[in-house]
Amino acid sequence: MTPNAPTPPAANFIHQIIDEDNASGKHGGRVQTRFPPEPNGYLHIGHAKSICLNFGTALKYGGKCNLRFDDTNPVKEDIEYIESIQEDVRWLGFQWDGLYYASDYFEQLYEWAVQLVKKGKAYVCDLSAEEVSKTRGTLTKPGTESPYRNRSVEENLDLFQRMKAGEFPDGARTLRAKIDMASNNINLRDPVMYRILHATHPHVGDKWCIYTMYDWAHGQSDSIEKITHSICTLEFEIHRPLYDWFIQELGIFAPRQIEFARLNLTYTVMSKRRLLELVKNQYVHGWSDPRMPTIRGLRRRGYTPEAIRAFCERIGVARNDSTIEMVWLEDALREDLNKRAERRMAVLKPLKVVLTNYPDGQTEELEAINNPEDEKAGTRKAPFSKVLYIERDDFMENPPKKYFRLGPGREVRLRYAYFIKCVEAIKDASGEITELHCTYDPATRGGNAPDGRKVQGTIHWVSAAHAISAEVRLYDHLFVKPDADDVPEGQDWRANLNPNSLQVVTDAKLEPSLKDVKIGDKVQFERLGYFCVDEDSKPEALVFNRAVTLKDTWAKEQKKG
RNA sequence: UGGGGAAUGGUGUAACGGUAGCACAGCAGACUCUGGAUCUGCUUGUCUAGGUUCGAAUCCUAGUUCCCCAGCCA
């Protein structure tokens with residue numbers, strides 16, 4: 001299954017800015033973006049929005065997009081994430097132009113820092129973390145200047161060089177930009193540029209013991225890569241003055257930072273912290289649990305890159321905080337799989353049906369269409385015999401008004417097979433229905449009555465003698481409320497975790513044509529939904545994940561009461 | 001109560017002083033061998049109050065609500 005080429009995104013306010021820049025000749029029509037993840041976690045659907053935006057923008061303007069790891073904090077980062085991120089970006093269908101690491105620029109960053117020190121725009125500060133915090137002031141009160149703020153250039157140069165040389169322990173000193181302790185923007189109150197961290201870095205090893213802060217790395221990395229439009233999320237807006245300040249003091253290529261609203265989705269959480277907590281506390285089974293909004297979770301669930309891209313396209317890009325309804329994501333998947341997934345019949349909650357007038361021991365092969373949306377998908381044969389399974393939900397002893405399925409004395413169509421009429425429901429001692437006795441009409445073979453009589457319902461079925469068993473995992477929302485934070489006083493978001501987000505059907509009955517499916521295959525179980533073969537699946541023990549249900553107007557009808 | 005942002009139907013998103021459009025959801029119907037898909041129609045909106053203007057979602061004034069910032073995180 002090769003992904004189709006990604007399509008460029010629809011116009012948005014960022015593209016308007018680019019159009020204006022191109023019109024004014026600002027970068028000579030050149031467009032360069034980047035996707036800059038920190039390798040400290042797995043990518044999620046929120047990152048997908050950023051990926052589609054950055055890569056899509058480059059695609060739209062014939063520009064370039066780099067993948068750059070913002071790896072400035074070795075204590076949180078790991079090679080595992082560096083690898084998984086590349087995998088996920090590629091899986092989404094994008095190929096970066098340059099693959100870079102902020103840590104590749106550490107030498108250049110150091111030289112530039114020295115340059116700022118020489119200009120009197122940066123100084124080594126001996127204050128502890130607590131002291132820095134205390135002297136920063138508050139939102140309404142200015143901070144106070146560090147007693148080390150006015151050291152001589154020579155002393156600063158010496159100290160900074162010794163910081164780099166590893167002469168001081170973690171936290172002993174920092175290099176700070178000398179800007180304005182009274183600024184209304186707290187980011188400008190002499191922000192820390194370097195801290196001492198004797199830690200092994202996943203990409204550059206033990207070469208460094210001073211590490212750059214985000215603000216001192218990001219803009220300069222953008223500049224080095226000649227990024228024309230540096231797209232990030234809204235919370236960095238307040239950092240923009242600092243971003244611009246560093247660039248200006250250095251007199252280097254000036255990218256433009258543009259912020260957009262990050263993605264929020266109902267019935268899930270998106271922060272790395274919370275996702276990590278779900279994994280650590282085993283609310284889910286790892287980062288690729290199909291209930292997770294991670295790229296790997298979605299992939300395992302059965303999502304396709306095309307569906308995710310279509311979703312990102314549809315939600316748009318703007319500066320308003322927003323929360324997209326989960327059905328948008330689900331709908332994007334349905335739309336994609338409806339065109340592509342072959343149909344099969346599977347019974348999740350089997351109810352035995354005996355066709356009393358069907359010859360014992362007879363089997364026939366009935367032709368079924370693989371995909372009504374795609375003629376090229378062809379047909380297959382499904383075996384039919386005297387004993388079948390149908391879905392328990394497709395029989396009701398006392399059917400309500402709008403129920404079109406089987407009931408005592410009712411006739412329905414077995415998909416691609418025959419009309420059957422229910423004669424009797426057999427019960428056990430406790431009154432539970434154990435099987436149905438039905439008759440079939442031989443004249444309706446294939447599913448149509450020669451006398452033109454119509455039937456209200458068509459249900460799916462599987463021949464008992466030919467069925468194969470499988471485990472099917474049914475997923476529901478991770479949270480019970482659209483907003484995970486919508487909890488009573490004194491409780492937190494975890495109170496909204498859905499205890500029924502996973503239900504396992506251990507003995508579903510599938511039509512035998514499904515026996516050779518491979519991990520990752522996607523199929524529609526007719527009338528039930530789209531399913532994906534899980535990585536736990538083995539040829540002798542198949543496992544399917546329900547990616548998404550089909551729209552179900554009967555379920556909706558029932559809810560109305 | 002410092003600074004920076006944002007407010008358009010249920011949810012998103014357009015409009016750039018000139019008919020508030022589109023998508024998803026919802027409702028009603030058509031069609032249907034998936035109560036799927038497809039098709040048709042419909043309901044629902046400019047945060048509030050003033051002002052400028054022939055004309056305001058758009059410009060001005062004042063308010064309201066929400067988000068972000070006080071890591072040696074990104």
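Residue numbers begin at 1 in each chain, while the letters A, B, ... track the order of the sequences.
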Shorter than 3.5 Å, N or O on both sides, protein versus nucleotides 30-32 of chain B: list them out with atom names.
none

**Fill in**
When rounded to whole Å, the CE to C1' distance for the pair A/M326 and B/A25 reads 15 Å
**Asked** Less than 4.0 Å between a side-chain N and a carboxylate O, is that true for A/R380 and A/E342?
**Response** no
**Request:** Determine the contact category for A/K339: base if any of its heavy atoms lies under 4.0 Å from a base atom, sugar-phosphate if only primed atoms, P, OP1 or OP2 are that close, otherwise nothing.
**Result:** nothing
**Complete:** Smallest heavy-atom separation, A/A307 atom then A/L333 atom, equals CB-CA, 3.7 Å
**Message:** Can you see if the side chain of A/K134 gets near the phosphate of B/A70 - specifically, an N or O under 4.0 Å from OP1 or OP2?
**Reply:** no
**Request:** Output yes when at least one side-chain N/O atom of A/K551 is less than 4.0 Å from OP1 or OP2 of B/G35, else no.
**Result:** no
**Message:** According to side-chain hydrogen bond (donor to acceptor under 3.5 Å, both in side chains), who are the partners of A/K272, at least two apart in sequence or on a separate chain?
**Reply:** A/N40
**Message:** Regarding A/R343, tell me which of base, sugar-phosphate or nothing describes its non-hydrogen contacts under 4.0 Å with the strands shown.
**Reply:** base
**Request:** To the nearest Å, give me how far apart CG (A/D71) and P (B/C73) are.
**Result:** 15 Å
**Asked** If we only count heavy atoms from C-beta on, is the A/L43 to A/I51 side-chain gap below 4.5 Å?
**Response** yes
**Prompt:** So what does A/S133 touch, heavy atoms closer than 4.0 Å: a base, only the sugar-phosphate, or nothing?
**Reply:** sugar-phosphate
**Asked** Where along residues 34-46 of chain A does a heavy atom fall under 4.0 Å from RNA chain B?
**Response** A/E38
**Nucleotide B/U34, atom P - distance to CZ of A/F531 in whole Å** = 18 Å
**Asked** Starting at the 5' end of RNA chain B, what dot-bracket string do you get if Watson-Crick and G-U pairs under 3.5 Å are bracketed, crossing pairs use [ ], other-strand pairs use | and unpaired bases use dots?
**Response** .((((((..((((....[..)))).(((((.......)))))....(((((..]....))))))))))).....
**Message:** What's the gap between B/C67 and B/C59 when it is taken at their P atoms, as a whole Å value?
**Reply:** 24 Å
**Request:** Answer with base, sugar-phosphate or nothing: what part of the nucleic acid does A/F236 contact at a heavy-atom distance below 4.0 Å?
**Result:** base
**Request:** Taking atom P in both B/G50 and B/U58, compute the distance separating them and give it to the nearest angstrom.
**Result:** 14 Å
**Fill in**
For A/Y148 and A/V124, the nearest pair of non-hydrogen atoms, with its separation, is CB-O, 3.7 Å
**Request:** Applying salt bridge (Lys or Arg N to Asp or Glu O under 4.0 Å), name anything that partners A/R151, two or more places apart in sequence or on another chain.
**Result:** A/D126, A/E155
**Request:** Assign A/N185 to base, sugar-phosphate, or nothing according to its heavy-atom contacts below 4.0 angstrom with the strands shown.
**Result:** nothing
**Fill in**
When rounded to whole Å, the CD to P distance for the pair A/E259 and B/C68 reads 15 Å
**Asked** Taking only residues two or more places apart in sequence, or in another chain, which ones meet A/R68 in a salt bridge (Lys or Arg N to Asp or Glu O under 4.0 Å)?
**Response** A/D222, A/E225
**Message:** Could you check whether A/E391 pairs with A/R405 (Lys NZ or Arg NE/NH1/NH2 to Asp/Glu carboxylate O, under 4.0 Å)?
**Reply:** no
**Glycosidic conformation of B/G71, taking syn as within 90° of 0 and anti otherwise** = syn
**Asked** Does A/N12 use its side chain to pair, donor to acceptor, with the backbone of A/G316 at less than 3.5 Å?
**Response** no
**Request:** With the side chain counted from C-beta on, respond yes when A/F69 and A/P37 share a heavy-atom pair under 4.5 Å apart, and no when they do not.
**Result:** yes
**Request:** Could you give the distance separating B/A57 and B/U19 at their P atoms, to the nearest angstrom?
**Result:** 10 Å
**Pairwise C1' distance, B/G9 and B/A20 [rounded to whole Å]** = 11 Å
**Prompt:** Under a 4.0 Å heavy-atom cut-off, which of residues 172-182 of chain A touch RNA chain B?
**Reply:** A/T174
**Item:** Length of the CG-C1' vector between A/L234 and B/G4, whole Å
**Value:** 10 Å
**Message:** For A/R334, give me all partners under salt bridge (Lys or Arg N to Asp or Glu O under 4.0 Å), at least two apart in sequence or on another chain.
**Reply:** A/D331
**Complete:** Sorted by chain and residue number, the ring-ring contact (aromatic ring centres under 6.0 Å, His included) partners of A/Y418 (sequence neighbours excluded) come out as A/F384, A/Y440
**Asked** Within the stacking criterion (centroid distance below 5.5 Å, interplanar angle below 30°), does A/W554 stack on B/G35?
**Response** yes
**Request:** Classify the nucleic acid contact of A/H239 as base, sugar-phosphate or nothing, counting any heavy atom under 4.0 Å across all strands shown.
**Result:** base
**side-chain hydrogen bond (donor to acceptor under 3.5 Å, both in side chains) involving A/Q161 - partner list, sequence neighbours excluded** = none
**Asked** So do A/P482 and A/T323 actually touch side chain to side chain, heavy atoms under 4.5 Å?
**Response** no
**Request:** Classify the nucleic acid contact of A/Y418 as base, sugar-phosphate or nothing, counting any heavy atom under 4.0 Å across all strands shown.
**Result:** nothing
**Asked** Can the ring centres of A/H239 and A/Y243 be said to be less than 6.0 Å apart?
**Response** no
**Request:** Report yes if a side-chain nitrogen or oxygen of A/T553 is closer than 4.0 Å to either non-bridging phosphate oxygen (OP1 or OP2) of B/G36; otherwise report no.
**Result:** yes
**Request:** Could you work out the separation of B/A6 and B/C22 based on their C1' atoms and round it to a whole Å?
**Result:** 22 Å
**Asked** Are any of the side-chain heavy atoms of A/H203 and A/F106 separated by less than 4.5 Å?
**Response** no
**Prompt:** Distance between the C1' atoms of B/G17 and B/C24, in whole angstroms?
**Reply:** 31 Å
**Message:** Can you identify which nucleotide, out of B/C24, B/U34, B/C72, has its nearest atom closest to the A/Q524 side chain?
**Reply:** B/U34
**Message:** Can you check the distance between B/C27 and B/C66, where both ends of the measurement are the P atom (answer in whole Å)?
**Reply:** 32 Å
**Prompt:** If you look at every strand shown and take non-hydrogen atoms under 4.0 Å, does A/R240 touch a base, only sugar-phosphate, or nothing?
**Reply:** nothing
**Prompt:** Can any side-chain N or O of A/H460 pair as donor or acceptor with the backbone N or O of A/A346 at less than 3.5 Å?
**Reply:** yes
**Message:** I need the CD-P distance between A/E335 and B/A23, as an integer number of Å.
**Reply:** 12 Å
**Item:** Nearest-angstrom distance from the residue atom CG of A/L139 to P of B/G3
**Value:** 11 Å
**Request:** Using the closest heavy atom to pick a nucleotide of RNA chain B for each, name whichever of A/E77 or A/E373 lands nearer the 5' end.
**Result:** A/E373
**Asked** Under 4.0 angstrom, heavy atoms only, what part of the nucleic acid is A/L127 near: base, sugar-phosphate, or nothing?
**Response** base
**Prompt:** Is the A/W216-A/F246 ring centre distance short of 6.0 angstrom?
**Reply:** yes
**Item:** Pairwise C1' distance for B/A23 and B/A14, with rounding to whole Å
**Value:** 11 Å
**Message:** By the 4.0 Å heavy-atom rule, please label A/R415 as base, sugar-phosphate, or nothing.
**Reply:** base
**Prompt:** Which part of the nucleic acid does A/T72 contact within heavy-atom distance under 4.0 Å: base, sugar-phosphate only, or nothing?
**Reply:** sugar-phosphate
**Sidechain N-carboxylate O distance under 4.0 Å for A/D441, A/R453** = yes
**Asked** Considering residues at least two apart in sequence or located in another chain, which fulfil the salt bridge (Lys or Arg N to Asp or Glu O under 4.0 Å) criterion with A/E167?
**Response** A/R162
**Prompt:** Could you write nucleotides 10-17 of chain B as a row of B, S and -, 5' to 3', where a protein heavy atom under 4.0 Å of any base atom gives B, of only sugar-phosphate atoms gives S, and otherwise -?
**Reply:** BBBSSSB-
**For atom CG of A/N371 and atom C1' of B/U34, their distance in whole Å** = 12 Å
**Request:** Have a look at A/T549 and say if it touches a base, only the backbone sugar-phosphate, or nothing, with a 4.0 Å heavy-atom cut-off.
**Result:** nothing
